[in-house]
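As the structure is a prediction and not an experimental result, all values here were calculated from the model.
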Amino acid sequence: MDAVPRTLLVKIFGKDHPGITSSLFEALAGHGLEVIDIEQTVTRGRLTLCVLVPAPAEDGELRARLHRWADGERLDIEIISGTGDNRPRGEGRSHVTVLGHPLTADAVAAIAGRVAATGANIDRIFRLAKYPVTAIELQVSGVETDKLRAELAPEAAARQIDVAVQPSGLLRRAKRLVVMDVDSTLIQGEVIELLAEHAGCLDEVAEVTAAAMRGELDFAESLRARVALLAGLDAAAIDAVRERVELTPGARTLVRTLKRLGYRVGIVSGGFTQVTDVLVERLGLDYAAANTLEVVDGKLTGRVVGEIVDRPGKARMLERFATDAGVPLSATVAIGDGANDLDMLNAAGLGVAFNAKPVVRQAADTAVNVPFLDTVLFLLGLTREEVEAADAADGVTEA
């Protein structure tokens, strides 16, 4: 058996400035060394640079040269002898995305402690965003994703932060279809309640809506009951409601960024086409499915026409959109807040409960409980800097 080769880990610390990396490798180049590994980070202007190289048979000259180089650059250096490359990462690899508003040291300590308690190791940590939330990603190995998710979920709830645990691998980068619920997800509030205000039956409708979203009522039956209360309402109320609809903060950024990346984006709603059609046009969405209010002689009849988009209907629409886009369900993301979204969330490759009811948070792959829809981008591994750079390049200033 061949002996494990000796290696040197060269660690550089100090104030960052242009040219450090190139001059370090110029110092190494004179010894004809192979580069086994390299990693560099800069935090608040302070550099940490690590390089792993084979150790020469006589390394005294190399060490002396590197120390002279570090003195000249006014940097600290540490050279550590060892053998071989980095140890292999353990089986069972996951990406753990942590969102906090704010993200406290106590919360990070608690999450890191839970990871250690499973016997897993945190291999790398880096920041994805500093606003509108602080988002960091941990690359973890040594434990199965499902076990890690179960361990971290209660800690996240106790610390009032969001933690998403996803398996590492190509699928995380390959998700190519995102489908969202509309009411209380893509937009703020519930359209049927806005209509109920005009009809003078808001309290009755809101009570039924809340029960349906908690999963206490069959959605199709609850929809028919709520729409029946709107019978006789002048259709002009729909125009007034369309004017009042407000997108959730970050919605435009989410859709715009996904479209740049080549994603297809769709919506499925237990609400109404009279509103979703406008959203499709405004945001440039690829797919949409919703219910349609029946209007006769300029008045709402209190009925819907066509197939009702209910809980199983939303999952069917996700499958239909994925088939049309040529995307496997494993490469889809679904986002929703109510019990009628659960089948869709469970069918998708990644189901995200967005400011959702407890029954939905418990069942979804991950939950986001901050009021910014574009935080979903961080779950896909994007950074705020990448998003802002793309916006700047396109001259986009709106959120």
Original post:
For Lys299, does its backbone N or O pair with a side-chain atom of Asp234 as donor and acceptor, under 3.5 Å?
Top reply: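 Absent.
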Subject >> Exam field: side chain Thr383 to backbone Glu386, donor-acceptor pair closer than 3.5 Å >> reply: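 The answer is yes, because a donor-acceptor pair under 3.5 Å joins these two groups.
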**OP:** Check step by step if side chain to side chain contact (heavy atoms under 4.5 Å, CB included) holds for Phe354 and Met180.
**Re:** CA-CA 10 Å; Phe354 181 73; Met180 292 175 278; over 6 Å; no
Subject >> SB check Arg226 Glu207 (cutoff 4.0 Å) >> reply: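 Here Arg226 does not pair with Glu207 in a salt bridge, since their nearest N and O are not under 4.0 Å apart.
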**OP:** Would you give the length of the straight line joining atom OG1 of Thr185 to atom CG of Asp337, rounded to the nearest 0.5 angstrom?
**Re:**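 These two atoms lie 4.0 Å from each other.
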Original post:
Less than 4.5 Å apart, any side-chain heavy atom of Leu47 and any of Lys15?
Top reply: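 Leu47 does not reach Lys15 side chain to side chain.
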**OP:** State plainly whether the residues Asp71 and Arg68 are in salt-bridge range, i.e. N to O under 4.0 Å.
**Re:**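 Result for this pair is no, no salt bridge flagged.
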Original post:
Do Thr276 and Ser269 meet the criterion of a side-chain donor-acceptor pair at a distance under 3.5 Å?
Top reply: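 Checked: Thr276/Ser269 side chains show no N/O donor-acceptor pair below 3.5 Å.
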**OP:** State plainly whether the residues Asp343 and Lys314 are in salt-bridge range, i.e. N to O under 4.0 Å.
**Re:**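 Lys314 and Asp343: not salt-bridged.
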Original post:
Rounded to the nearest 0.5 Å, what separation is found between the CG atom of Leu52 and the CD1 atom of Ile38?
Top reply: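 Between Leu52 CG and Ile38 CD1, I get 10.5 Å after rounding to 0.5 Å.
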Original post:
Charged N to carboxylate O under 4.0 angstrom, Arg46 versus Asp16?
Top reply: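 Salt bridge absent between Arg46 and Asp16.
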Original post:
Considering all heavy atoms of both residues, which atom of Lys11 and which atom of Cys50 are nearest to each other, and what is their separation?
Top reply: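 Where Lys11 meets Cys50 most closely, the heavy atoms are CG-SG, 3.9 Å.
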**OP:** Enter the distance from Met213:CE to Glu190:CD here, rounded to the nearest 0.5 Å.
**Re:**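 One gets 6.0 Å once the value is rounded to the nearest 0.5 Å.
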Original post:
Are any of the side-chain nitrogens in Arg159 or Glu155 under 4.0 Å away from the carboxylate oxygens of its partner?
Top reply: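 Between Glu155 and Arg159 there is a salt bridge, with a charged N closer than 4.0 Å to a carboxylate O.
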Original post:
Do Ser141 and Asn121 have side-chain atoms, one donor and one acceptor, less than 3.5 Å apart?
Top reply: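 No, Asn121 and Ser141 have no side-chain donor paired with an acceptor closer than 3.5 Å.
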**OP:** Would you mind reporting whether Val333 and Leu380 have side-chain heavy atoms less than 4.5 Å apart?
**Re:**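 When only atoms from C-beta onward are counted, Val333 and Leu380 do touch, with a gap below 4.5 Å.
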**OP:** Go through the structure and list residues passing salt bridge (Lys or Arg N to Asp or Glu O under 4.0 Å) with Glu78, not counting sequence neighbours.
**Re:**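 Glu78: no salt bridge (Lys or Arg N to Asp or Glu O under 4.0 Å) contacts found.
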**OP:** List the steps and the verdict of side chain to side chain contact (heavy atoms under 4.5 Å, CB included) for Ile187 and Leu279.
**Re:** CA-CA 9 Å; Ile187 67 172; Leu279 295 172; 3.9 Å; yes
**OP:** Take atom NE2 of His198 as the centre, draw a 6.0 Å sphere, and report whether it contains more than 12 heavy atoms from other residues, nucleotides or ligands.
**Re:**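 Yes.
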**OP:** Give the cluster check for Leu75 versus Ile79: same hydrophobic cluster or not, with ILVMFWY residues linked at side-chain heavy-atom distances below 4.5 Å.
**Re:**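 Leu75 and Ile79: one cluster.
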Original post:
Salt bridge check: are Arg256 and Asp391 linked by an N-O gap of less than 4.0 Å?
Top reply: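 Result for this pair is yes, salt bridge flagged.
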Original post:
Does CD in Glu294 sit with more than 12 non-hydrogen atoms of other residues, nucleotides or ligands closer than 6.0 Å?
Top reply: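 For Glu294, atom CD is crowded (more than 12 foreign heavy atoms under 6.0 Å).
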Subject >> Residues in salt bridge (Lys or Arg N to Asp or Glu O under 4.0 Å) contact with Glu39, at least two apart in sequence or another chain >> reply: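 Glu39: salt bridge (Lys or Arg N to Asp or Glu O under 4.0 Å) contacts with Arg124.
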Original post:
Just by distance, do the side chain of His101 and the backbone of Pro132 share a donor-acceptor pair under 3.5 Å?
Top reply: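 Checking the backbone N and O of Pro132 against the side chain of His101, a donor-acceptor pair under 3.5 Å is found.
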Original post:
With under 30° as parallel and over 60° as perpendicular, where do the rings of Phe321 and Tyr287 fit, or are they tilted in between?
Top reply: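 Rings of Phe321 and Tyr287: parallel, under 30°.
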**OP:** Assess whether side chain to side chain contact (heavy atoms under 4.5 Å, CB included) is satisfied between Val108 and Val98, documenting all intermediate values.
**Re:** CA-CA 9 Å; Val108 175; Val98 182; 5.7 Å; no
Subject >> Salt-bridge present (Arg311, Asp341; N to O < 4.0 Å) >> reply: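 Salt bridge absent between Arg311 and Asp341.
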Original post:
What are the two closest non-hydrogen atoms of Ser81 and Arg6, and how far apart are they?
Top reply: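 The answer is OG-NH2, 4.4 Å.
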Original post:
Under 4.5 Å between any side-chain heavy atoms of Ser94 and Gln139, yes or no?
Top reply: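 No, side chains not in contact.
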**OP:** Decide side chain to side chain contact (heavy atoms under 4.5 Å, CB included) for Thr375 and Leu373; before the verdict, give the C-alpha distance in whole Å, the side-chain angles of both, and the deciding distance to 0.1 Å.
**Re:** CA-CA 5 Å; Thr375 55; Leu373 194 56; over 6 Å; no
**OP:** Indicate the atoms forming the closest heavy-atom contact of Glu144 with Gly92, along with that distance.
**Re:**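 Closest pair (atom of Glu144, atom of Gly92, distance): OE2-CA, 4.0 Å.
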Subject >> Sub-4.5 Å side-chain heavy-atom contact between Asp239 and Gln274 >> reply: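 SC-SC contact between Asp239 and Gln274 ruled out.
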Original post:
Which atom names give the shortest non-hydrogen contact between Leu128 and Gly381, and what distance separates them?
Top reply: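 Smallest interatomic distance, heavy atoms only, reads CD2-O, 4.0 Å.
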Original post:
Between Arg149 and Val165, is there a donor-acceptor pair closer than 3.5 Å when you use the side chain of the first and the backbone of the second?
Top reply: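 Confirmed, Arg149 side chain pairs with Val165 backbone.
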Original post:
Do Ile36 and Val10 share a hydrophobic cluster (ILVMFWY, side-chain heavy atoms under 4.5 Å, transitive)?
Top reply: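 Per the 4.5 Å side-chain linkage, Ile36 and Val10 are not co-clustered.
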Subject >> Spacing of Leu254 atom CG and Lys259 atom NZ [to the nearest 0.5 Å] >> reply: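 One finds 12.0 Å between CG of Leu254 and NZ of Lys259.
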**OP:** Keeping the roles fixed (side chain from Arg127, backbone from Ile136), state whether a donor-acceptor pair exists under 3.5 Å.
**Re:**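 No, because the side chain of Arg127 does not come within donor-acceptor range (under 3.5 Å) of the backbone of Ile136.
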Subject >> Short side-chain donor-acceptor distance under 3.5 Å, Glu73 and His17 >> reply: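 Glu73 and His17 do have a side-chain donor-acceptor pair below 3.5 Å.
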**OP:** Using a cut-off of 6.0 Å, state whether more than 12 heavy atoms not belonging to Glu385 lie near its atom CD.
**Re:**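 It does not: Glu385 CD has 12 such atoms or fewer within range.
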Original post:
Taking atom CD of Glu216 as the centre, does the number of heavy atoms from other residues, nucleotides or ligands within less than 6.0 Å exceed 12?
Top reply: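 Enclosed: over 12 neighbouring heavy atoms sit under 6.0 Å from CD of Glu216.
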Original post:
Hey, does Arg384 have a side-chain heavy atom less than 4.5 Å from the side chain of Phe378?
Top reply: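 In short, these two side chains touch, coming nearer than 4.5 Å.
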Original post:
Step by step, would you call Thr48 with Gln40 a side-chain hydrogen bond (donor to acceptor under 3.5 Å, both in side chains)?
Top reply: CA-CA 6 Å; Thr48 301; Gln40 177 175 315; over 6 Å; no
Original post:
How about Val179 and Met317: do any of their side-chain heavy atoms sit closer than 4.5 Å?
Top reply: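 No, too far: nothing below the 4.5 Å cut-off.
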**OP:** Flag yes if more than 12 heavy atoms outside Lys357 fall under 6.0 Å of its NZ atom; otherwise flag no.
**Re:**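 Counting neighbours around NZ of Lys357, more than 12 heavy atoms of other residues, nucleotides or ligands fall under 6.0 Å, so yes.
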Subject >> Lys/Arg N to Asp/Glu carboxylate O, Arg252 vs Asp374, below 4.0 Å >> reply: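 Answer for the salt bridge query: no.
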Subject >> Interatomic distance, Leu229 atom CG to Cys201 atom SG [nearest 0.5 angstrom] >> reply: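 Between Leu229 CG and Cys201 SG, I get 5.0 Å after rounding to 0.5 Å.
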Original post:
Are Val368 and Val255 grouped together when hydrophobic residues (ILVMFWY) are joined by side-chain heavy atoms under 4.5 angstrom apart?
Top reply: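 Same cluster.
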**OP:** Compare all side-chain heavy atoms of Leu329 with those of Thr332 and state whether any distance is below 4.5 angstrom.
**Re:**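 Yes, at least one pair of side-chain atoms sits under 4.5 Å.
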Subject >> Side chain Asn355, main chain Val370, donor-acceptor under 3.5 Å >> reply: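 Judged by distance alone, yes, a pair lies under 3.5 Å.
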**OP:** Please name the pair of heavy atoms, one in Asp310 and one in Ala220, separated by the smallest distance, quoted to 0.1 Å.
**Re:**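 Answer, listing the atom of Asp310 first, then Ala220: OD2-CB, 4.2 Å.
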Subject >> Interatomic spacing from CD1 in Ile161 to CG in Asp106 - rounded to 0.5 Å >> reply: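 It comes to 10.5 Å.
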Original post:
Taking C-beta and beyond as the side chain, do Leu49 and Thr41 meet within less than 4.5 Å on heavy atoms?
Top reply: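 A side-chain contact is absent here, since even the closest heavy-atom pair is not under 4.5 Å.
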**OP:** Could you tell me which residues satisfy salt bridge (Lys or Arg N to Asp or Glu O under 4.0 Å) with Asp162, sequence neighbours excluded, listed by chain and number?
**Re:**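 If we apply the salt bridge (Lys or Arg N to Asp or Glu O under 4.0 Å) test to Asp162, skipping adjacent residues, there are no hits.
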Original post:
Under 3.5 Å, is there a donor-acceptor pair between the His95 and Gln166 side chains?
Top reply: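 Side chains of His95 and Gln166: no pair found under 3.5 Å.
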Subject >> Leu62 backbone acceptor or donor facing Asp59 side chain under 3.5 Å >> reply: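 Checked: no pair found.
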Subject >> Gly100 versus Val133, closest heavy-atom pair with distance >> reply: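 Heavy atoms of Gly100 and Val133 come nearest at O-CB, 3.6 Å.
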Subject >> Salt bridge Arg63-Glu58, side-chain N to carboxylate O under 4.0 Å >> reply: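 No, Arg63 and Glu58 are not salt-bridged.
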